[in-house]
Amino acid sequence: MPLLQHMAAEMRRAPLPPRESEMVVVQSQGMRRWVTLTLADTHGCVGSLALPFPASCMHDLAARLCRHSPSRLEQDPFSRDALAWRVDELLRTMGDDPVHAPLRNYLIGSDDRARFGLATQIAGRLDDYQLYRADLLQDWERGGRAPGTPHAAWQAALWRQLCADGSSARVPGSARIHEAIERLNGATPDGLPTRLTVFGVSSLPPLFLELLAALARHVPVTVYSATVTASSSHPLVTEFGAQSREFLAALHSHGAVHDAVTDDVAPAAQPSLLRTLQSEFARGDHGSMPLALAAGDASLRVHSAHGALRQLEIVRDQLLAAMADDATLRPHDLLLLVPDAAAWAPLVDAVFGVTEPDVPQIRYRIADRPARGEDEAADAFSMLLGLHGGRLTHSEVFELLARPLVHTALGLAETDVDALSAVTHAANTRWGYDAASREALGMPAYEEASWRASLDRLLIGIATGVHDDLLLDVLPQAGDTHGDAESIATLATWIDSLAAALDDWDTPRTPAAWSVTMQSAVQTLLSIPDTRDAQSVA
């Protein structure tokens, strides 16, 4: 809080003109939301506030300063998403060049999905290189290759191919940022922000630090970070403060001036363990004095928890206790940090989303969860796309059908889905729509244990009842526990439509035709009635 209070005071002391945005660089959605809410509480309202992430801030500054920046209507060909598609194209057409032998060996027997998965991973690494190893990319562009790894040759060759088009649209982001730095090291260019603030970061890419140092020659640049004294010999700092010390040293190497922001809160009558440690860190104390432990001191706690779910349950209980003890504490004052928001999000929902009558509620929002995880329509559509080119297993189909967005639109209840899962499993449904679909995957063309075979057994069983003889070469599957006729017929129609759509997606199309095809699939297979949800997958 002292850092944010200091930043808010500086904004109040020297406000920007009404039409100019205050640029504050943050590292996460959670930090963005917390800063926005706190500034709104401090000033009464908040507006004209831009809170970009470091990468987008760098590219925005480069776009203002460089000749080689794509327009707002163009996709940056060296962004992570664009690189994935461009690398995939190169993997499909790489030919017999010996330098690509490791890639060809890796892709033997793989399909389009596996190849694109590899392209996505390579694109992610190249995107990181642009931020953290721009020197390596420049060496590759000049024809060199980094020693020490057997994969350097194909990586360097791949990067040179991506840069082969000399047009302005094909200039890597790192090159544009270097050009921006050169321009900033000269005369003052036009279009610079009045000031730039970086808040709450623990580290920054070296290239961003260079850009900040160059920008600081012309406009005020302030970095707020909870760092420790570089010379501190405190055992906790020595053990866990390496990143903080390195970040502070990197800022000093670029000419930054370090000013300490201290907490002005008056010391408590009974100093707590946490306050004592904070004071030692701030003073650079070596921490040799024994710490006083009091039975009633709950300022610093260590809980033993078995598994992530139990950790969240403990956190929830502690937050409820803290809010009960402090009436001024509100949900937006709380920030829960987890290692991976996408992986932890379901657990957070399970613990904090309980709606039992006697269970206290804490209103929450998962800020960093990808759209796929928090938007039901996008999640269902992503699962639908994931079925293409696969085996169409029983579990995959019912994982999609279990989505309320899907089965509710079909007129099925959750209990109907459970019953259909049981009866189709009893009818020996395993994988594959029919013999032809299995043959298309390079498997033997047999019908048994496929969706078509088991659905035929169930549909004929509805018409005939229990029967021990083959009818139309099909052994009927029937009985009192084998579901009602209407739900089985609904499932059969939906499965037929699903298989037809997946088969149709093998046909090449123009982008405009693909848009029409996907919209039709959404309406046929997902039947999204809500306009907002339909737009999320459009």
Side-chain angles (χ1 to χ4, degrees), residues 3-4 6-11 14 16 20-28 31-32 35 39 48-69 76 78-79 127-138 171-230 242-261:
L3 293 178
L4 189 52
H6 187 278
M7 183 176 72
E10 289 297 305
M11 291 179 180
L16 294 179
E20 185 166 351
S21 295
E22 185 81 55
M23 288 189 63
V24 181
V25 181
V26 295
Q27 274 192 324
S28 69
M31 182 64 71
R32 173 184 285 170
V35 169
L39 289 178
S48 299
L49 180 64
L51 293 159
F53 296 147
S56 62
C57 177
M58 283 195 298
H59 293 303
D60 179 66
L61 286 173
R64 297 186 186 194
L65 298 169
C66 298
R67 301 183 301 269
H68 305 295
S69 296
D76 182 359
F78 286 90
S79 67
D127 185 55
D128 290 339
Y129 286 165
Q130 292 185 77
L131 292 179
Y132 294 95
R133 290 302 310 272
D135 58 324
L136 178 65
L137 298 181
Q138 290 177 334
V171 176
S174 57
R176 292 196 298 270
I177 294 169
H178 277 296
E179 181 180 341
I181 292 172
E182 292 177 4
R183 287 174 174 260
L184 289 169
N185 286 332
T188 302
D190 296 329
L192 296 182
T194 301
R195 64 184 176 218
L196 180 70
T197 304
V198 182
F199 185 83
V201 300
S202 56
S203 65
L204 287 171
L207 192 58
F208 193 22
L209 289 177
E210 291 183 38
L211 183 62
L212 290 180
L215 181 64
R217 294 167 53 92
H218 308 281
V219 300
V221 175
T222 306
V223 179
Y224 288 92
S225 180
T227 59
V228 295
T229 305
Q243 184 182 50
S244 176
R245 291 195 302 270
E246 291 172 1
F247 182 48
L248 192 59
L251 291 172
H252 286 157
S253 69
H254 286 89
V257 177
H258 181 224
D259 291 328
V261 176

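Counting begins at 1 with the first residue of the sequence.
Residue D259 holds its CG atom at 9.5 Å from OH of Y224, rounded to the nearest 0.5 Å. Between atom CG of residue L192 and atom CG of residue D190 there is a gap of 8.0 Å, rounded to the nearest 0.5 Å.
Take S244 and apply the side chain to side chain contact (heavy atoms under 4.5 Å, CB included) test, not counting sequence neighbours, and it matches T227, V228. Residues passing the salt bridge (charged side-chain N to carboxylate O under 4.0 Å, His left out) test with E10 are R13, sequence neighbours excluded. Judged as a side chain to side chain donor-acceptor pair (under 3.5 Å), and not counting sequence neighbours, E182 has no contacts. Partners of T194 under the side chain to side chain donor-acceptor pair (under 3.5 Å) rule, at least two apart in sequence or in another chain, are E20. Residues satisfying the side chain to side chain donor-acceptor pair (under 3.5 Å) criterion with Q243, sequence neighbours excluded, are absent altogether. Not counting sequence neighbours, the partners of D128 by the salt bridge (charged side-chain N to carboxylate O under 4.0 Å, His left out) test are R80, R125. In this structure P54 satisfies the side chain to side chain contact (heavy atoms under 4.5 Å, CB included) test together with V25, Q27, L204, F208, sequence neighbours excluded. Partners of H252 under the side chain to side chain donor-acceptor pair (under 3.5 Å) rule, at least two apart in sequence or in another chain, do not exist in this structure. Remark: Y129 pairs with W140 by the ring-ring contact (aromatic ring centres under 6.0 Å, His included) rule, at least two apart or across chains. When the side chain to side chain contact (heavy atoms under 4.5 Å, CB included) test is applied to P220, the partners found at least two apart in sequence or on another chain are R195. Under the side chain to side chain contact (heavy atoms under 4.5 Å, CB included) criterion, A8 pairs with L39, T42, H43, sequence neighbours left out.
Nearest heavy atom pair, residue Y132 against residue P206, reads CD2-CD, 3.8 Å. Scanning all heavy atoms of the two residues, the minimum distance from L16 to E22 falls at CD1-OE1, 3.5 Å. Between P52 and M23 the shortest heavy-atom distance is CG-CE, 4.2 Å. The minimum heavy-atom distance linking L196 with C57 is given by the pair CD1-SG, 4.2 Å. Summarising the geometry of D127 relative to F78, their closest heavy-atom pair is OD1-O, 4.2 Å, with the distance given to 0.1 Å.
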All N/O donor-acceptor pairs, side-chain side in residues 211-218, below 3.5 Å, sequence neighbours left out:
from	atom 1	to	atom 2	distance (Å)
R217	NH2	N185	O	3.2
H218	ND1	T188	OG1	2.9
H218	NE2	L184	O	2.4

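Put simply, the side chain of T222 does not reach to within 4.5 Å of the side chain of H6, judged on heavy atoms. The closest side-chain heavy-atom distance from L251 to S225 is not below 4.5 Å. In this structure, the side chains of V24 and R32 stay at 4.5 Å or more apart for every pair of heavy atoms. Side-chain contact check for F199 versus L51: every heavy-atom pair is 4.5 Å or farther apart. L61 places none of its side-chain heavy atoms less than 4.5 Å from the side chain of I177. Under the 4.5 Å side-chain criterion, counting only non-hydrogen atoms from C-beta, R64 is not in contact with P189.
Side chain of R176 to backbone of A62: no donor-acceptor contact under 3.5 angstrom is found.
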